Amino acid sequence: MSNGKFSAGEARATGLVDVADANRQYNALVGRLHGGLDRTNAESNWINRSHLVDYALQKVQVTNGIELASALQDNGGTAEFNGLCYDDYGGEWYPNSSLSLTGLKEGMLHIEFSSCYWIRSVDIAAPKAVRWRLLWDGQVVASTGEHFLDYGNIYLCADIPVAGDGTLSLEFSFTSMDTTYDVTSIPHFYFWGGSLLTRGVWR
Amino acid sequence: MARITNTPLVPGAALTAAQLNGKFGDIETATTTGLDDENVRQEGIDYLQFEVETSSGKAGTILRNTGFTNNGVGTTGTPYTSVDPADPAGSALPHGTGAVLSFGTGGQQLSVNDMLRVHWHTWVSDWTFTGGLFTGGTLDMPCWVIWLEWDITSNALANYEAVPGQTAFTDTAGAGEQMGLCSEMAATMVIPHGYHYLLATVVTEREHDDLQLRRSFNYVNETGNAITVYGLRLVIDGLYHPEYSANTGLVNALVKPAAGGGSWAGEEVDIASITLGALFQRTR
């Protein structure tokens with residue numbers, strides 16, 4: 001990329017002013033000002049927020065209150081959480097939440113997810129564990145290992161290149177039912193207080 | 001766009017000083033506060049032109065301010081004891097010299113559409129079953145809760161309240177009980193009080209060994225008014241159990257039993273190191 005330096009030759013100091021030369025020099029200067037300026041012409045250290053339109057550099061979206069999908073919340077008459085029962089869940093990855101992100105440009109997307117969880121453990125004969133993962137347009141971009149505490153806090157983070165708008169999905173996978181020990185109608189798992197942060201950065 | 005009308009010099013006509021001055025005056029006029037994106041070539045502006053803050057990086061273009069604190073403690077914990085329902089609930093976590101993040105005399109402004117991001121990490125070093133909690137029957141494991149509070153009143157830091165979307169665990173459940181709704185736990189960290197295991201065929205409880213826990217909180221100010229944050233702190237309380245019942249309004253909640261025969265007071269957890277970090281940044 002050429003720089004913005006004005007490089008048209010000057011008229012000779014001892015010569016008479018020629019109309020063609022004068023017009024050529026002047027036209028070259030004006031032409032440079034009409035769409036030819038660049039970083040070599042501009043001063044350094046002056047652009048601040050007041051010079052930028054919204055979303056010139058980034059777009060941030062925060063979604064709070066993410067919890068176990070309502071379709072999986074059941075209680076079975078227990079005094080515990082309204083949570084995941086084997087009446088409604090058979091195992092493997094479940095698409096819990098989906099978020100369509102718009103207004104993104106080609107660049108990087110920073111993703112964070114944090115949440116609390118509970119696993120029923122009083123029926124310890126059949127131990128349980130849960131995993132989460134984040135997907136961008138169907139591609140896994142971050143995942144946890146197995147969480148098995150009675151209560152815990154999870155944190156997922158990823159920075160990925162994106163071409164523009166897309167869909168961010170949150171999935172979890174819980175231990176399948178133990179047909180010997182598990183009761184299908186009581187809750188075994190619940191997560192709540194989830195916060196999903198996305199930040200598209202393109203400059 | 002700053003556009004310059006270019007009337008060429010005419011061959012054969014006398015060239016006067018006024019004509020020349022006029023032509024360069026046109027340039028001066030157009031380039032004085034008139035240059036914009038149409039005068040600049042594509043990708044013509046670079047990082048060099050951005051106003052930077054060389055000592056901290058907080059130029060305000062995206063990042064406005066940061067804060068970080070820790071309590072200067074390693075793995076040796078301070079015990080916290082579970083108590084019966086009270087208002088306000090919980091105990092502030094500052095011990096040692098940290099875990100309260102102050103933003104000075106003037107506080108830090110969270111402008112409209114600005115975002116506050118808080119991350120905290122804690123080392124839970126020990127638990128003590130002291131109150132007979134698990135004797136006499138099988139009990140669903142209870143938990144401790146740590147939640148985030150801020151002071152948006154003054155730099156006296158005497159008026160902390162739960163951050164937006166966060167309960168202070170003072171709602172009423174059943175008679176004498178207190179609770180927090182799970183829908184209001186945007187800044188809650190949960191700590192298991194122990195775990196169950198099978199000893200022969202008997203379900204038995206035991207304390208964990210050390211646990212390191214982390215949680216984050218994100219809040220975008222969409223109130224329409226700027227908020228000045230003077231301080232952030234963490235509060236711990238226990239013990240709570242999960243409940244969904246008529247007492248909780250048929251929503252998921254963490255409930256603390258009433259004082260008396262069913263009390264869970266007297267249990268302990270030791271909290272060792274705490275780190276707390278915050279970012280104030282633009283979202284647009």
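Letters go in sequence order (proteins before strands), and every chain restarts at 1. Since the model is a prediction, treat every value here as computed from it, not as a measurement.
Atom CG of A/D74 sits about 8.5 Å away from atom OH of B/Y244, to the nearest 0.5 Å. We find the CZ-CD1 distance between A/R199 and B/I62 to be 4.5 Å, quoted to the nearest 0.5 Å. Atom CD of residue A/Q58 and atom OG1 of residue B/T61 lie 10.0 Å apart, to the nearest 0.5 angstrom. Expressed to the nearest 0.5 Å, how far CD1 of A/I154 lies from CZ of B/R215 amounts to 9.0 Å. Separating the CZ atom in A/F81 from the SG atom in B/C182 is a distance of 4.0 Å, to the nearest 0.5 Å.
Interface residue A/N64: only side-chain heavy atoms are found under 4.5 Å from chain B. For chain A, the nearby part of B/Q281 is the side chain; its heavy atoms alone come within less than 4.5 Å. Neither the backbone nor the side chain of A/F113 comes within less than 4.5 Å of any heavy atom in chain B. Contacts of B/V220 with chain A are made by side-chain atoms alone, with heavy-atom separations under 4.5 Å and no backbone atom involved. When heavy atoms are compared at a cutoff of 4.5 Å, B/S183 does not approach chain A at all. For chain B, the nearby part of A/Y155 is the side chain; its heavy atoms alone come within less than 4.5 Å. No part of A/Q61 comes within reach of chain B, as not one of its non-hydrogen atoms sits under 4.5 angstrom from that chain.
Top candidate by heavy-atom pairs under 4.5 Å with chain A, chosen from B/A186, B/P142, B/A187, is B/P142. When the candidates B/G60, B/G165, B/P192 are compared by the number of heavy-atom contacts under 4.5 Å with chain A, B/P192 comes out ahead. Among the candidates B/H241, B/M185, B/M189, B/R282, the residue making the largest number of heavy-atom pairs closer than 4.5 Å to chain A is B/R282. Interface summary for chain B: among A/V60, A/N82, A/L149, A/V62, the most heavy-atom pairs under 4.5 angstrom belong to A/N82. Looking only at heavy-atom pairs under 4.5 Å with chain B, the residue among A/V53, A/L196, A/D54 that has the most is A/D54.
Minimum heavy-atom separation, B/V190 to A/Y117: CG2-O, 4.3 Å.
For a heavy-atom cut-off of 4.5 Å, chain A lies close to B/M115, B/R117, B/H119 in residues 111-121 of chain B. Annotation: residues 245-257 of chain B contacts chain A through B/N252, B/A253, B/L254 [non-hydrogen atoms, separation under 4.5 Å].
A/D150 places no side-chain N or O within 3.5 Å of a backbone atom of B/H193 that could act as its donor or acceptor partner. For the pair A/Y151 (side chain) and B/M141 (backbone), a donor-acceptor distance under 3.5 Å is present.
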